[in-house]
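Both counts, for ligands and for their atoms, begin at 1 and track the order of listing.
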Amino acid sequence: MQSKWTAERIKHLKGTCKISCLTAYDYTTAKLVDAAGIHVALVGDSLANTMLGHANTLSVTMEQMLHHTTAVAQGITTALIVADMPFMSYQISTEQALENAGRFLKEAGADAVKIEGGAFRAQTVATLVANGIPVLGHIGLTPQSIRQTGYKVQGRQNASAKRLISDAKALEAAGVFGIVVECVPAKLGAAITKAVHVPTIGIGAGPGCDGQVLVTHDLLGLSGNTAPRFVKQYVNLEEHMVKAFKEYKADVESGRFPTTKQCY
Ligand code: KIV
């Protein structure tokens, strides 16, 4: 049986095998992600969209993230559980970041946290790591900054590409065990991957990254027509679920459910 993944072991997968990461926000999905042998279960703040119906990730709270992380932790035996730190839970001060990151490990059963930002976040990362909290970085398109950047591919210009490479190096020096690289040209994804010794986990960053992450709802076809171009949809669960719900409705209305089989 596969033993539990630690941040340190994930870090050392660089160059040996590609790392798989999927989002999970609840116990049942976490169990299935774990059963599939996925390396990292990310309790992404994308749950603001997928679970709570918000237009972006900005409004999700610490309490909501802790609630979902606790549920995920109940379903995981081997995957590394990474909890996303929500907007304004780590930006105000390193003390605030340390206190909130600690809550994910102490109260919710996370193994690590993810925070968005590059070189300017290095001090925060170093403080968390020094206090025993593994950190996954996140650069490129950082959805908590959409009010500044919008949802668009980052690092297309030479200067911004160079900045992202130095951001990745600064995060590595600060002690991250890996870096999510979101929505950058594939060439830059590969260049960032080459520039650091920690694994990069790409989302819309091309095949040159050390691993890939997707929002599970996108992969399962549960995001309607809103999934971005970088998503590969493996099944149309939306179709299957609506079909099952319709069949159930028809059975209830016609009296085909319940039958004696479902009766005591
Ligand atoms: O919140 C999330 O799901 C994420 C991934 C898209 C990396 O941050």
Side-chain angles (χ1 to χ4, degrees), residues 7 10 18-26 29-30 33 38-62 64-69 71-72 79-91 101 104 108 110-118 121 125 134-146 149-154 164 167-168 171 176-184 189 192-193 198-206 209-220 222-223 226-233:
I10 295 290
K18 293 275 189 178
I19 298 163
S20 55
C21 175
L22 282 177
T23 60
Y25 316 112
D26 64 278
T29 310
V33 162
I38 298 295
H39 294 108
V40 180
L42 171 65
V43 190
D45 61 356
S46 52
L47 69 81
N49 312 102
T50 55
M51 303 302 286
L52 305 176
H54 296 304
N56 57 57
T57 59
L58 299 180
S59 55
V60 75
T61 66
M62 266 303 291
Q64 288 166 331
M65 291 304 300
L66 286 167
H67 172 82
H68 284 275
T69 305
V72 167
L80 184 83
I81 305 164
V82 178
D84 230 347
M85 294 196 65
F87 183 55
M88 283 302 137
S89 70
Y90 58 96
Q91 286 90 342
F104 280 110
D111 300 309
V113 297
K114 174 166 83 58
I115 65 178
E116 297 184 2
R121 210 60 84 196
V125 171
V135 180
L136 182 62
H138 185 160
I139 60 172
L141 174 62
T142 48
Q144 292 176 14
S145 305
I146 50 134
T149 62
Y151 290 109
K152 67 172 204 264
V153 178
Q154 302 293 301
L164 284 172
D167 279 340
L171 289 174
V176 295
F177 70 88
I179 304 169
V180 168
V181 181
E182 179 163 354
C183 238
V184 302
I192 294 171
T193 303
V198 293
T200 55
I201 302 182
I203 175 160
C209 294
D210 297 304
Q212 299 293 326
V213 54
L214 279 180
V215 169
T216 295
H217 282 59
D218 292 343
L219 170 157
L220 295 177
L222 288 172
S223 306
T226 63
R229 165 182 166 161
F230 58 70
V231 169
K232 180 173 176 186
Q233 187 185 306

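- Under a 3.5 Å cut-off, the side chain of Q212 and the backbone N or O of G206 do form a donor-acceptor pair.
- Listed by number with element, the atoms of ligand 1 under 4.0 Å from a non-hydrogen atom of G44 are 1 (O), 2 (C), 3 (O).
- Of the N and O atoms on the side chains of T29 and D26, at least one donor lies less than 3.5 Å from an acceptor on the other residue.
- At distances below 3.5 Å, at least one donor-acceptor pair connects side-chain atoms of T23 with backbone N or O atoms of T216.
- Residue T57 does not touch ligand 1, judged by heavy-atom distances below 4.0 Å.
- Ranking the protein heavy atoms by distance from atom 5 (C) of ligand 1 puts L42 CD2, 3.7 Å first.
- Contacts with ligand 1 closer than 4.0 Å are made by no heavy atom of L47, backbone or side chain.
- Q64 is not listed as a side-chain neighbour of M62, based on a closest heavy-atom distance of 4.5 Å or more.
- Contact annotation: for T23 versus ligand 1, heavy atoms closer than 4.0 Å belong to the side chain alone.
- Near D84, the atoms of ligand 1 lying under 4.0 angstrom from a non-hydrogen atom of the residue are 1 (O), 2 (C), 8 (O).
- Closest protein heavy atom to atom 6 (C) of ligand 1: I203 CD1, 3.5 Å.
- Residues P143 and E116 form a side-chain contact, since some pair of their non-hydrogen atoms from C-beta on lies under 4.5 Å apart.
- Under a 3.5 Å cut-off, the side chain of K152 and the backbone N or O of L141 do not form any donor-acceptor pair.
- Inclusion of Y25 in the set of residues having an N or O under 3.5 Å from an N or O of ligand 1 is not warranted.
- From the protein, the heavy atom lying nearest to atom 3 (O) of ligand 1 is S46 OG, 2.5 Å.
- Side-chain atoms of H39 come within 3.5 Å of backbone atoms of S20 as a donor-acceptor pair (strictly under, hydrogens ignored).
- Look at K114 and you'll find a heavy atom under 4.0 Å from some atom of ligand 1.
- No side-chain donor-acceptor contact under 3.5 Å links D210 and T193.
- If you number the atoms of ligand 1 from 1 as listed, the ones under 4.0 Å from a heavy atom of H138 come out as 8 (O).
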